[in-house]
Chemist: 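Encoded as structure tokens, here's the structure I'll be asking about.
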Amino acid sequence: MQFISPQQLRKILKDDLEYALLDVRERKLFSREHLLKSSCVPLSCLELMIRELIPRCSVRTFIVGEGASDKYHLDERAARRLAELGYSDVSVLEGGITAWREAGFELFSGVGAYSKAFGEWVAEKYHTPHISSEELQELVAKKGKYVILDCRPNPEYNRMTIPRSINAPGADLVYRIYEAIKDDSSLVLVHCAGRTRSIIGAQSLVNVGLHNPVAALENGTMGWQLAGYQLEYGQTREVSIPFGVGLEKARQSAARLAQRFGVRKINLATLLKWQAEAEQRTLYIIDVRLPEEYAAGHWDGSRNVQGGQLVQATDEHISVFNARIVLLDDTEVRATVTASWLIQMGWEDVFVLENGIRKLALVQGSYQNSISDLDAVVDTIAPKDLARLIKDQGDQVTVLDVGSSNVHRQKHIPGAYWGLRSRLLLDVAGMRATDILVVTSEDGTLAQLAAKDLLVLESFPPQILVLKGGTNSWLSAGLPTGTGMKRALSEEDDIWFLPYMDPDAPDQAKRDYFDWEAGLVKQVEHDGTAKFRYFPVEV
């Protein structure tokens, strides 16, 4: 096994060759402190995530764990697992997070720190205009002229939004803006749940030279609530897809972005050539349209990540720095908007497919994640058969849920234990011994991987089964469920909610979140590994 010192790793994080940095601890631990450029890939879910994040197995990959205090040895186990999956250049950060801290290097809290730091950097460098919730309320009271656009994905918009807002997700803002505005004098106000997406969205409209006044709503829906105003729930309003004059204006806007930020195009022949070279140079092919558009027809081999979300949470979708990125859509508008931001984030080799997908042979269907090493080595049992087994031999049957702790709390098979897959080899000592163990997770995928892990334990039950279709199939069958967390084997470290995602988050947590975001720019400067690029306004 290879190890790398904090000093050696920090030097690599500043070079121009390909590398990936994976933090294999659970999400809550990651949120407390992590390296700026790391992606959170818990060992529990590694096989479910790794092929999307690191498609080339020979890329330099660095694993970060807790350090010597981790009795589960997550980092070394992750390195061995990656080697088993064919990854050939894997090193472990010697001493983990502890050694990085002791070396005097910067650590970041929260999630999506790289993208959120970039958003704050954009606001500071480009002086993105913004207004407060109180100023918006005053404008509404005076019956001023305005359009409020919620730039989050539709499910988030549907869950909660600012009153009178209309949905236009992320990169769709520039694409649809000319269908949303009635005249050049109306204020165009962009908001999200917090800050980053509203900053990027508003600045996108500024960057294309929109004639209307533009502003980001400071602190989004959380700021609106803190100001004492009510949100709307369950809304379905959306800006129309552009056509005719609106689409032509959007294309002209995208062309201006391409010129200012150096967005390059490639043709299909080049894309096919790069696909053939994917074992020598990492290639991400990302369709930035909405999921329903992607499902209706897409280029085979492309992944679907909405443009705004790709900029908002880059670490969740791209782990190999200095890789090639090709963005696709149907008109080049959304791909160009997204590319302009990735270039400013420091990605050098970002390209837009010329003419998009319009003339390509397309396939239909929703995006399906690639999962590594999912051989069904453990037999399955159907939900109704498990129910009968529990009824007949209840004292000799144990159910173990390795899915999300949050989902388990809401609904689970009555009497089931819950545990984290990455910790099971030690934590199962707290589970009662029976003749039959049935492992489950939401859809059964993680359960199959966990059951395979447990086969190495000599003291385990003579029969291990996986619930076919997972807990979802149990629920679909209308079988009884329990709630709460009554039989936890592991610490619940797999979930960490952003304040705007937690309905019970106190007001102070929201204020702390804003302070955290605002402080990221100085942290990034001190860290010194980011390569954000400033493009002066053209005169």
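On a predicted model such as this, the values are computed, not experimentally measured, just so you know.
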Chemist: Hey, does Leu210 have a side-chain heavy atom less than 4.5 Å from the side chain of Tyr178?
Modeler: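 Side chain of Tyr178 against side chain of Leu210, heavy atoms only: contact under 4.5 Å found.
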Chemist: Please state whether the rings of Phe321 and Trp347 are parallel, tilted or perpendicular, taking 30° and 60° as the class boundaries.
Modeler: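 Rings of Phe321 and Trp347: parallel, as their planes differ by under 30°.
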Chemist: Could you note down all residue pairs passing salt bridge (Lys or Arg N to Asp or Glu O under 4.0 Å) where residues 288-300 supplies at least one of them, sequence neighbours left out?
Modeler: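 Applying salt bridge (Lys or Arg N to Asp or Glu O under 4.0 Å) to every pair that reaches into residues 288-300, excluding sequence neighbours, yields Asp287-Arg289, Glu293-Arg334.
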Chemist: Determine whether Arg197 and Glu156 make a side-chain contact, defined as any pair of heavy atoms from C-beta on separated by less than 4.5 Å.
Modeler: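 Yes. Closest side-chain heavy atoms under 4.5 Å.
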Chemist: Which pair of non-hydrogen atoms, one from Gly110 and one from Trp516, has the smallest distance, and what is that distance?
Modeler: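 So the two residues come closest at CA-CZ2, 3.8 Å.
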Chemist: Measure from the side-chain N and O atoms of Arg256 to the backbone N and O of Val208, and report whether any donor-acceptor pair falls under 3.5 Å.
Modeler: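 The answer is yes, because a donor-acceptor pair under 3.5 Å joins these two groups.
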Chemist: I'd like to know whether the aromatic ring centres of Phe108 and Phe30 sit less than 6.0 Å apart in this structure.
Modeler: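 When the ring centroids of Phe108 and Phe30 are compared, they turn out to be at least 6.0 Å apart.
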Chemist: Is a donor on one side and an acceptor on the other found under 3.5 Å between the side chain of Arg176 and the backbone of Leu173?
Modeler: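 Absent.
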Chemist: Test of understanding: with side-chain contact (heavy atoms from CB on, under 4.5 Å), list the residues that count as partners of Glu218, not counting sequence neighbours.
Modeler: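 His130, Ser132, Arg195.
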Chemist: Decide if atom OH of Tyr233 counts as having more than 12 heavy atoms of other residues, nucleotides or ligands within a radius under 6.0 Å.
Modeler: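 Yes, OH of Tyr233 has more than 12 neighbouring heavy atoms, counting only those of other groups under 6.0 Å.
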Chemist: Which label fits Phe118 and Trp341: parallel for a plane angle under 30°, tilted from 30 to 60°, or perpendicular past 60°?
Modeler: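 It falls in the perpendicular class, over 60°.
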Chemist: Are Glu33 and Arg101 within salt-bridge range, i.e. N to O under 4.0 Å?
Modeler: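 Yes, Glu33 and Arg101 are salt-bridged.
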Chemist: Any sub-3.5 Å donor-acceptor pair from Ser165's side-chain atoms to Ile162's backbone N or O?
Modeler: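 Between the backbone of Ile162 and the side chain of Ser165 there is a qualifying donor-acceptor contact (under 3.5 Å).
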Chemist: Is the side chain of Ser204 donor-acceptor paired with the backbone N or O of Ile200 at a distance under 3.5 Å, no angle test?
Modeler: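 Yes, because the side chain of Ser204 sits within donor-acceptor range (under 3.5 Å) of the backbone of Ile200.
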Chemist: With sequence neighbours excluded, what pairs up with Glu232 under the salt bridge (charged side-chain N to carboxylate O under 4.0 Å, His left out) test?
Modeler: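 Applying salt bridge (charged side-chain N to carboxylate O under 4.0 Å, His left out) to Glu232 gives Arg237.
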Chemist: If only atom types and distance count, is the side chain of His298 paired as donor or acceptor with the main-chain N or O of Val363 below 3.5 Å?
Modeler: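 Checking the backbone N and O of Val363 against the side chain of His298, a donor-acceptor pair under 3.5 Å is found.
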Chemist: Check whether Tyr146 reaches the backbone of Val188 with its side chain - one donor and one acceptor, N or O, closer than 3.5 Å.
Modeler: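 Not confirmed, Tyr146 side chain does not pair with Val188 backbone.
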Chemist: Can any side-chain N or O of Lys116 pair as donor or acceptor with the backbone N or O of Gln312 at less than 3.5 Å?
Modeler: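 Answer holds: no.
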Chemist: Is NZ or CZ of Arg281 both nearer than 6.0 Å to the six-membered ring centre of Trp274 and within 45° of the ring axis?
Modeler: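 Relative to the ring axis of Trp274, which defines the angle, Arg281 lies outside at least one limit.
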Chemist: Could you check if a side-chain atom of Ile495 sits within less than 4.5 angstrom of a side-chain atom of Ser404, using non-hydrogen atoms only?
Modeler: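 Yes, at least one pair of side-chain atoms sits under 4.5 Å.
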Chemist: Taking only Lys NZ, Arg NE, NH1 and NH2, and the carboxylate oxygens of Asp or Glu, determine whether Glu52 and Arg303 approach each other closer than 4.0 Å.
Modeler: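 Answer for the salt bridge query: yes.
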Chemist: What do you reckon, is NZ of Lys522 surrounded by more than 12 foreign heavy atoms closer than 6.0 Å?
Modeler: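 For Lys522, atom NZ is not crowded (no more than 12 foreign heavy atoms under 6.0 Å).
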Chemist: Is a salt bridge present between Lys37 and Asp315, judged by a nitrogen-to-oxygen distance below 4.0 Å?
Modeler: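 Salt bridge flag = no for Asp315 with Lys37.
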Chemist: Could you tell me whether the side chain of Asp23 and the main chain of Leu35 form a donor-acceptor pair under 3.5 Å?
Modeler: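 Side chain of Asp23 to backbone of Leu35, a donor-acceptor pair under 3.5 Å: no, none is there.
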Chemist: Is Arg10 paired with Asp527 through a side-chain N to carboxylate O contact shorter than 4.0 Å?
Modeler: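 No salt bridge links Asp527 with Arg10.
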Chemist: Strictly below 4.0 Å, N to O, side chains only: are Lys273 and Glu277 in salt-bridge contact?
Modeler: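 Judged by the 4.0 Å cut-off on N to carboxylate O distance, Lys273 and Glu277 do form a salt bridge.
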Chemist: Which is it for Phe351 and Lys265 under the side-chain contact (heavy atoms from CB on, under 4.5 Å) test, yes or no, and what are the steps along the way?
Modeler: CA-CA 5 Å; Phe351 305 86; Lys265 298 181 184 180; over 6 Å; no
Chemist: Considering non-hydrogen atoms only, spot the tightest contact between Tyr294 and Ser366 and give its length.
Modeler: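 Taking every non-hydrogen atom into account, CE2-C, 4.0 Å.
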Chemist: Could you tell me whether the side chain of Trp299 and the main chain of Ile357 form a donor-acceptor pair under 3.5 Å?
Modeler: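 No, Trp299 side chain to Ile357 backbone: no donor-acceptor pair under 3.5 Å.
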